[in-house]
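Structure record follows, encoded as structure tokens.
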Amino acid sequence: MSFRVLSQELAEKLSRVRIIPVLSFHSAEESLRLGEILVEGGLCAAEVTFRTEAAEGAIRAMRKAYPELCLGAGTVLSVEQLSRAVDAGAEFAVAPGLNPEVVRASAEKGFPFAPGVCTPTEIEAAYSLGCVTMKFFPAEAAGGLALLKAMSAPYKHLGIRFMPTGGVTTANAPAYLSAKEVVAVGGTWLAKADDMAAGKWDLIRQNVLSAAALIRSLEA
Ligand code: 3PG
């Protein structure tokens with residue numbers, strides 16, 4: 001299957017989950033605790049970032065315990081991290097920026113990868129590497145939905161779709177999700193690393209339930 005088709009399929013997969021918690025775990029145990037909350041709360045998606053040493057073990061543990069999760073690796077900055085994410089059982093990977101070496105390695109592995117973009121030049125570079133699904137980062141700081149709409153308008157005919165992250169919350173997620181260019185949004189607001197470390201699981205459960213309710217309200 002071509003990398004472009006894989007990238008299109010990634011858009012479809014992300015559009016089924018709509019809100020993706022961006023996660024930095026301190027341990028695999030922590031990821032299992034969160035996985036349970038996500039599955040029970042009906043928010044079956046997770047982006048496990050390689051910002052901590054625990055990432056690979058967390059992906060492996062979540063994959064095994066919660067096969068129903070749409071499980072991605074985030075902040076994948078090197079081919080080595082990409083290989084570890086694939087081996088651990090991630091279904092897709094993303095990064096804040098566009099590293100052609102990592103995108104090419106993903107294409108070679110036949111593994112879906114969405115690089116981060118926030119300029120037309122980056123969109124064109126990502127598209128030329130075969131990507132039609134891209135992370136839009138840092139969404140709010142860069143100009144939010146207005147920037148995304150203006151910047152992506154010339155490429156409408158190419159079928160490029162975006163996952164905005166960076167400053168997304170339950171307050172602005174509905175506006176992003178109502179845009180047809182947007183397949184899903186992601187963010188750390190659902191389960192912050194500090195809150196997990198402090199054992200604030202009730203707060204996190206509440207955030208997950210609110211996000212799941214938001215998705216249901218958008219579908220209604
Ligand atoms: C990401 O990698 O997607 C961002 O760190 C998410 O940004 P946020 O912390 O503003 O949600």
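Order of listing sets the numbers, starting from 1, for every ligand and every atom in it.
Heavy-atom contacts of Thr165 reach the following atoms of ligand 1: 1 (C), 3 (O) (cutoff under 4.0 Å). Which parts of ligand 1 touch Gly187 is read off a 4.0 Å heavy-atom cut-off, strictly below it: atoms 11 (O).
The shortest N or O to N or O distance between Glu47 and ligand 1 is not below 3.5 Å.
Donor-acceptor pairing under 3.5 Å is lacking for the side chains of Tyr66 and Glu36. Side-chain contact check for Arg51 and Thr75: at least one donor-acceptor pair (N or O, by modelled atom type) lies under 3.5 Å.
Taking 4.5 Å as the limit, some side-chain heavy atom of Val182 sits within range of a side-chain heavy atom of Pro164. Side chains of Tyr127 and Val132 form a contact here, defined as non-hydrogen atoms less than 4.5 Å apart. Trp201 is listed as a side-chain neighbour of Arg33, based on a closest heavy-atom distance under 4.5 Å.
Here the heavy atom of the protein found nearest to atom 4 (C) of ligand 1 is Phe137 CE1, 3.6 Å. Scanning all protein heavy atoms for the shortest distance to atom 2 (O) of ligand 1 gives Arg51 NH2, 2.3 Å. The nearest protein atom to atom 9 (O) of ligand 1, hydrogens excluded, is given as Thr188 OG1, 2.5 Å; this is a heavy-atom distance.
Judged by the shortest distance from any of its heavy atoms, Gly167 lies inside the 4.0 Å radius around the atoms of ligand 1. For Gly166, the heavy-atom gap to ligand 1 drops under 4.0 angstrom. Remark: distances from the non-hydrogen atoms of Met163 to ligand 1 are all 4.0 Å or more. Residue contacts with ligand 1 include Lys135, since one of its heavy atoms falls under 4.0 Å from the ligand.
Here the rule is side chain to side chain contact (heavy atoms under 4.5 Å, CB included) with Gln8, and of Leu10, Val5, Leu6 only Val5 fits it.
Panel note: side chain Glu47, backbone Pro21; no donor-acceptor pair is recorded below 3.5 Å.
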